[in-house]
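Since the structure comes first, as structure tokens, the remarks are kept for the end.
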Amino acid sequence: MVRTRFAPSPTGYLHIGGVRTALFNWLFARRHGGQFLLRIDDTDAERNVESALAPILHGFKWLGLDWDEGPEVGGPYEPYYQSKRLPQYQAAVDKLLAAGLAYRDYATTEEIQAERETAQAEKRPFLYSRRWMAETSQQSADFESEGRQSVVRLKMPREGTLVLDDLVRGRVEFEWAREQDHVIQRADGTCLYHLASVVDDYDFKITHVIRAEEHLSNTPRQVFIAQSLGYELPQYAHLPYVAEPGSKNKLSKRKLDKYLKNRDFALVNEHGMAIAQQLGLATSADTFNPVIVDFYEQVGYLPQAIINYLVLLGWSLDDKTEFMDLAMLVENFSLERVTKAPASFDPKKLWAFQDHYMQALPIKQRVATMLGYLQRAGLVPKPTPCEVGPKLTRIIEAAGDRLKVFGDILAYADFFFQDEISYDEKAFEKHLSKPESRALLAKFRDALAKVEPYDVPNLEKLLHDFVASEGIKTGDIIHAVRVATTGKPVGPGLYDCLEILGKETCLKRIDAALAKAVD
RNA sequence: GGCCCCGUCGUCUAGCCUGGUCUAGGACACCGGCCUUUCACGCCGAUAACACGGGUUCAAAUCCCGUCGGGGUCACCA
């Protein structure tokens, strides 16, 4: 039975690189009919775990990545929170101590630091002298009489080689002598990540540890812990990490300023920001940016687009297949086809997947979700009048593939629902400032008043006739009409706009624009 | 700096294990054009990569060695 896990720290948000790792774990488990679990790595954080965890769990649900054991769902090996598993860790530490594979160390951090610096000055690799190592209770007592406190360190082997068969990277070797005597328990009794992680993976019967490459160098100490405790080793698979846009550096949430200098990243960020602001969402850079999964949900991306894009960051089915849903991925995923080199995050390519899936989404679903966005932005009243439904459907049909994310409806439909519109200044200046443009528009307005029924075919015919009889080009009038009625230089087809707006509104807006132009 | 990993178009990748079918395929982006009432879409086209140097071989992106480059990691963080 294959069992994999993803172990987030409750920080309050889900990192894009983290989901990618989680996705591979999930896929591998599902592919082999196994289980995927969530374990919460909160050994260090004493913060409000529940509230910091909620957004993370929400992200998983949104993406459709379910977990068989873990928070909310429980499971046979509860609890799945490291903060609640101290007794298990303590038992492991005791066992290691008893076996002489770990020891109490009474050195101060300063003393260790001094040794490290000496080694560095002498250009030799640092290895702790074990000077304050206590292996008997007499030694402990002596050091304690000096007022020293102890931590527990691993007594790492100082010779030999560790050979690891990594499922992604193949055979990797490490010299044991290069490994430090890592601390596994602090003076206050709390345990550190590596110890906790190894104990948990064993207790939870994890068969495959699939994680990002930055953990590769941590593996020897974990193997040592596991072997010392008599555990059977899990299989390891170290995934290449997700890199910054346009570079090979690891993607980090802390370097946002730098990413914003990347053109594509900045574009996607700005687009999302604009939508968030109309929705009245908090947009502090810490919690709302394209490195965090929540950003995409809020702005109105589709989970299948995120999944599809992310899985291709380090994995491929073959030389041409690009669109795959979760079910298809479950059937085909394999660790053997995972790439070894890091892959940089390309927001534009994600955008392309988003475009594809949005256009494939049935109109009904688009209408239902976009209605929610309009409500939240205050463009449509909360108990929504029933005539809004058909109108919105028409708008969305007219806007067509211009709507890339759900939030785009805000920019494409605002003028359909507002009484007063604002004008794009440049466009207004360009198409409505000249006296001859205004004269034409006034004339067109009168012709518009006579159209009956007021629909797309008639409007199109009217404009063509108007252009012919006036001896002008289409462009000489159509832009002025668009700006006057919608306030914008771009948008859905003009005839659609006019019809949806209705004759009365169109005439009123043209009059208002004409009046404003005279000022 | 030590250790470890990695190195095919700007980006994601296929090909590498099992040398020849690779004058290196696809996708995204970019550029040009067509379509067009704007924008978007669509269509057509173009530019663009085997890090370098040796070797093995009739033949190397593919095998071997070296060099260079990039990254990760070296915590009483996870």
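So you know, we letter chains A, B, ... as the sequences are listed, proteins then strands, and number each from 1. Keep in mind that this is a model prediction, so the values were computed, not measured.
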request  = Please determine, for the side chain of A/Tyr193, which listed nucleotide (B/A78, B/U38, B/C6) has the closest atom?
outcome  = B/A78

message = Side chain of A/Ser217 only, heavy atoms from C-beta on: which candidate in B/C6, B/U73, B/U37 is closest?
response = B/U73

query = Taking only residues two or more places apart in sequence, or in another chain, which ones meet A/Phe174 in a ring-ring contact (aromatic ring centres under 6.0 Å, His included)?
reply = none

task = Output the single nucleotide from B/U37, B/C39, B/C5 whose closest atom is nearest the side chain of A/Val490.
result = B/C39

Short N/O separations, protein against nucleotides 40-43 of chain B, under 3.5 angstrom:
| residue | atom | partner | partner atom | Å |
| --- | --- | --- | --- | --- |
| B/A40 | O2' | A/Asp401 | O | 3.3 |
| B/A40 | O2' | A/Asp401 | OD1 | 3.2 |
| B/A40 | O2' | A/Lys404 | NZ | 3.0 |
| B/A40 | N3 | A/Asp401 | OD1 | 3.2 |
| B/C41 | O4' | A/Asp401 | OD1 | 3.4 |
| B/C41 | O4' | A/Asp401 | OD2 | 3.3 |
| B/C41 | O2' | A/Asp401 | OD2 | 3.1 |

request  = Identify which nucleotide among B/U73, B/U37, B/A78 has an atom closest to any side-chain atom of A/Leu494, counting heavy atoms from C-beta outward.
outcome  = B/U37

Protein-nucleic acid N or O pairs under 3.5 Å, nucleotides 13-17 of chain B:
| residue | atom | partner | partner atom | Å |
| --- | --- | --- | --- | --- |
| B/U13 | OP1 | A/Gly314 | N | 2.6 |
| B/U13 | O3' | A/Ser316 | OG | 3.4 |
| B/A14 | OP1 | A/Ser316 | OG | 3.1 |
| B/A14 | O3' | A/Arg337 | NH2 | 3.4 |
| B/G15 | OP1 | A/Arg337 | NH1 | 3.1 |

query = Could A/Arg20 and A/Phe24 be counted as a cation-pi pair, given that NZ or CZ must be under 6.0 Å from the ring centre and within 45° of the axis?
reply = yes

Per-pair distances, 0.1 Å, donor-acceptor, side chain in residues 160-168 of chain A, under 3.5 Å, sequence neighbours excluded:
| residue | atom | partner | partner atom | Å |
| --- | --- | --- | --- | --- |
| A/Asp166 | OD1 | A/Val168 | N | 2.8 |
| A/Asp166 | OD1 | A/Arg169 | N | 2.9 |
| A/Asp166 | OD1 | A/His238 | N | 3.1 |
| A/Asp166 | OD2 | A/His238 | N | 3.2 |
| A/Asp166 | OD2 | A/His238 | ND1 | 2.6 |

ask   = Residues two or more places apart in sequence or in another chain: which of them pass side-chain contact (heavy atoms from CB on, under 4.5 Å) with A/Asp318?
value = A/Lys320, A/Thr321

remark   = Contacts of A/Gln120 and A/Thr109 projected onto RNA chain B by closest heavy atom; the upstream (5') one is A/Gln120

request  = Assign a letter to each nucleotide of nucleotides 27-34 of chain B from its 5' end: B, base within under 4.0 Å of a protein heavy atom; S, sugar-phosphate only; -, no contact.
outcome  = BSSS----

key: side-chain contact (heavy atoms from CB on, under 4.5 Å) against A/Ser217, all qualifying residues, sequence neighbours excluded   = none

ask   = Among all residues two or more places apart in sequence or in another chain, which pass the side chain to side chain donor-acceptor pair (under 3.5 Å) test with A/Asp94?
value = A/Gln90

Distance-only criterion, 3.5 Å: show the donor-acceptor pairs between side-chain atoms of residues 335-343 of chain A and protein atoms not counting sequence neighbours.
| residue | atom | partner | partner atom | Å |
| --- | --- | --- | --- | --- |
| A/Arg337 | NE | A/Ser316 | O | 2.8 |
| A/Arg337 | NE | A/Leu317 | O | 3.2 |
| A/Arg337 | NH2 | A/Ser316 | OG | 3.4 |
| A/Thr339 | OG1 | A/Gly314 | O | 3.2 |

query = For A/Asp476, what residues pass the salt bridge (charged side-chain N to carboxylate O under 4.0 Å, His left out) criterion, not counting sequence neighbours?
reply = none

inquiry  = So, using side-chain contact (heavy atoms from CB on, under 4.5 Å) as the criterion, who are the partners of A/Asp424 when residues are at least two apart?
reply    = A/Lys426, A/Ala427, A/Pro489

key: All pairs passing salt bridge (Lys or Arg N to Asp or Glu O under 4.0 Å) where residues 393-407 of chain A contributes a residue, at least two apart   = A/Asp355-A/Lys404, A/Arg394-A/Asp496, A/Arg394-A/Glu499

